[in-house]
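So you know, we letter chains A, B, ... as the sequences are listed, proteins then strands, and number each from 1.
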There are 2 protein chains.
Amino acid sequence: MATMQRLQNTGLELFYAQGYYDTSIDDILKKLDLSKGAFYYHFESKEDFFIQIIENLLARKIYSTLIEPIEGHDNPLTLITKCFDDALETAVHNEMDYGCVLSNFLAEFNGKNDVVMRHLNEIVTVWEVNLVTALQKGKFNGYLDRHADCEAAATFIMSSYFGVRILMTSAAPSSKKYRFMSQIRQYFKSIEAKPVNS
Amino acid sequence: MATMQRLQNTGLELFYAQGYYDTSIDDILKKLDLSKGAFYYHFESKEDFFIQIIENLLARKIYSTLIEPIEGHDNPLTLITKCFDDALETAVHNEMDYGCVLSNFLAEFNGKNDVVMRHLNEIVTVWEVNLVTALQKGKFNGYLDRHADCEAAATFIMSSYFGVRILMTSAAPSSKKYRFMSQIRQYFKSIEAKPVNS
DNA sequence: GGTAAATCCGACCATGTGGTCTTTTTATAC
DNA sequence: GTATAAAAAGACCACATGGTCGGATTTACC
């Protein structure tokens, strides 16, 4: 039982660092001092292995870092700001930052493997739905402008986050983070509830 | 001479569609009905081949679609809006859209191949510099708010674009584009020059 | 302690990979 | 026609890959 977990953990680690197609099963096995037999006892194939990683590890990871933190009854714009600030801060301090795990895999599998793509897109959808819900609730509670388009805002927010994570891997992640945060605050200010002039 | 061009064109095509590591030289050769000899007569290695593609094709592509359209003396926010609208419209109507070529390669090579990364990052930097310059000029000409942070805006704009291109490949690209455009307009409105109350 | 199932080993296979090298074709000039 | 060099062919190599399989080793249970 522990072996299966170890395989999945190291699997995600290496797939994230080196990419799925450029990581061999032997790479993972070598790192864990295991053999082919151990691997194919627990998993049918490399693809099956990866899908289980998505379901068991990736989905939870995204949930705990990007979805769960924005649940609540406070101002969603504040929650999202805090959530992104935390996530990006983690990335800045991570020596081995290769960008957002999810968006990297999306880029790698897009157009290549429909089965894997479906699983990845499911996570994207869950994030999107939760974002839209949070924003709509915030609108209902008077935090967002009456005219704000929550679906559009969610798309835009997700886009910008996926994007910075790519940019941050190139150079000067800390300054990229700072700039990004300042501008997303700016954007949030533009869709927040306007003070009524009474 | 024509053979070299054909190799590079099909190379970019396949690398974009299937990824660098999942595309073999034989794949490219087969599609062009050429042999190993032809390839290694023109290029030293697969990596050398790819770098030449970056320099000769990718760089120009990015320049013509994302940089050149925002040069000029008009309102940069208008130019960028138009530029993105065009680029995304092309993507929407492209059956084989696998996202932004540049950002896909960034995601694939990041942390794996420093040499390639340097070449890719160079393109990113050129785009960034041009964006910042355009925004600063726009500020000077009174199109942007005096307090607008041009570097930060550029980072944010680039991020959001890279991000939508990823999201658009998943599902409903047309609606994603519409939502994205509406929100980037919203953001632009928040950094444009405020009307002076005289 | 014995038995059976779960777990793991590691040799093996077919295939695909980047890359080399010799040979042949093709174009060019005289 | 022939010499010369550019261009392309394609057999070949060493190695890595995903996957298989019969057997060894643990583990759990009676």
Side-chain angles (χ1 to χ4, degrees), chain A residues 1-57 104-105 108-109 111-117 119-120, chain B residues 1-57 104-105 108-109 111-117 119-120:
Chain A
M1 186 65 79
T3 303
M4 207 165 109
Q5 311 285 347
R6 287 171 66 216
L7 279 169
Q8 294 190 20
N9 285 327
T10 337
L12 178 56
E13 191 182 318
L14 290 186
F15 286 149
Y16 171 57
Q18 313 178 10
Y20 175 81
Y21 291 106
D22 203 31
T23 301
S24 69
I25 299 178
D26 279 330
D27 285 344
I28 301 163
L29 260 18
K30 203 173 296 170
K31 189 156 186 177
L32 291 176
D33 220 13
L34 287 172
S35 67
K36 277 274 172 66
F39 182 89
Y40 283 94
Y41 174 78
H42 291 288
F43 306 99
E44 284 184 6
S45 64
K46 191 184 179 185
E47 183 178 309
D48 167 62
F49 175 54
F50 187 66
I51 289 176
Q52 296 218 33
I53 289 181
I54 297 179
E55 299 296 315
N56 296 330
L57 299 179
N104 279 9
F105 288 146
E108 184 170 6
F109 284 102
K112 283 145 234 171
N113 190 318
D114 288 339
V115 184
V116 171
M117 273 307 274
H119 288 264
L120 292 173
Chain B
M1 186 65 83
T3 304
M4 207 165 109
Q5 311 286 347
R6 287 169 66 215
L7 280 169
Q8 294 190 20
N9 285 327
T10 340
L12 177 57
E13 192 183 317
L14 290 186
F15 286 148
Y16 171 57
Q18 314 178 9
Y20 176 82
Y21 291 105
D22 203 31
T23 301
S24 69
I25 299 178
D26 280 331
D27 286 344
I28 301 163
L29 260 19
K30 204 172 293 168
K31 188 156 187 179
L32 291 175
D33 219 14
L34 287 173
S35 67
K36 277 273 172 68
F39 182 89
Y40 282 95
Y41 175 77
H42 291 287
F43 306 100
E44 284 185 9
S45 64
K46 190 184 181 186
E47 184 178 309
D48 167 62
F49 175 55
F50 187 66
I51 289 175
Q52 296 218 32
I53 289 181
I54 297 179
E55 298 296 316
N56 295 329
L57 300 179
N104 278 11
F105 287 146
E108 183 169 7
F109 284 102
K112 281 145 234 167
N113 189 318
D114 288 339
V115 184
V116 172
M117 273 307 274
H119 288 265
L120 292 173

Take the protein atom [atom1] of [X] and the nucleotide atom [atom2] of [N], then report the distance between them rounded to whole Å.
X      : N       : atom1 : atom2 : result
E44(B) : dG19(C) : CD    : P     : 10 Å
Y21(A) : dG18(D) : OH    : C1'   : 13 Å
L32(B) : dA8(D)  : CG    : P     : 11 Å
Y20(A) : dT17(D) : OH    : C1'   : 12 Å
L7(B)  : dA7(D)  : CG    : C1'   : 12 Å
L34(A) : dA24(D) : CG    : C1'   : 16 Å
K30(B) : dA9(D)  : NZ    : C1'   : 16 Å
D26(B) : dC12(D) : CG    : C1'   : 13 Å

If you only use heavy atoms from C-beta on, which nucleotide in [options] is closest to the side chain of [X]?
X      : options                   : value
T3(B)  : dG10(C), dG18(D), dA8(D)  : dA8(D)
H42(A) : dC8(C), dA7(D), dG18(D)   : dC8(C)
K36(B) : dG18(C), dC8(C), dG19(D)  : dG18(C)
S24(B) : dG18(C), dG19(D), dT17(D) : dG18(C)

Does [N] have OP1 or OP2 sitting under 4.0 Å from an N or O in the side chain of [X]?
X      : N       : answer
S45(B) : dG18(C) : no
Y41(A) : dC8(C)  : no
S35(A) : dC9(C)  : yes

Quick one: side-chain hydrogen bond (donor to acceptor under 3.5 Å, both in side chains) partners of K31(B), sequence neighbours excluded?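 Testing K31(B) for side-chain hydrogen bond (donor to acceptor under 3.5 Å, both in side chains), a comparison that skips the adjacent residues, returns E13(B).
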Taking the six-membered ring for Trp, is the centroid-to-centroid distance between F109(A) and Y21(A) below 6.0 Å?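 Aromatic pair counts; centres sit under 6.0 Å.
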Please tell me if the side chains of V116(A) and Y20(A) come closer than 4.5 Å, counting only heavy atoms from C-beta onward.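 A side-chain contact under 4.5 Å is absent here.
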Taking the side chain as every heavy atom from C-beta outward, state whether F49(B) and I25(B) have any pair of such atoms under 4.5 Å apart.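 Contact flag for F49(B)/I25(B) side chains = no.
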Earlier contact from the 5' end, DNA chain D, for T23(A) and G37(A):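 So the residue in question is T23(A).
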Is a side-chain N or O of E108(B) found less than 3.5 angstrom from the main chain of G19(B), in a donor-acceptor match?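 No.
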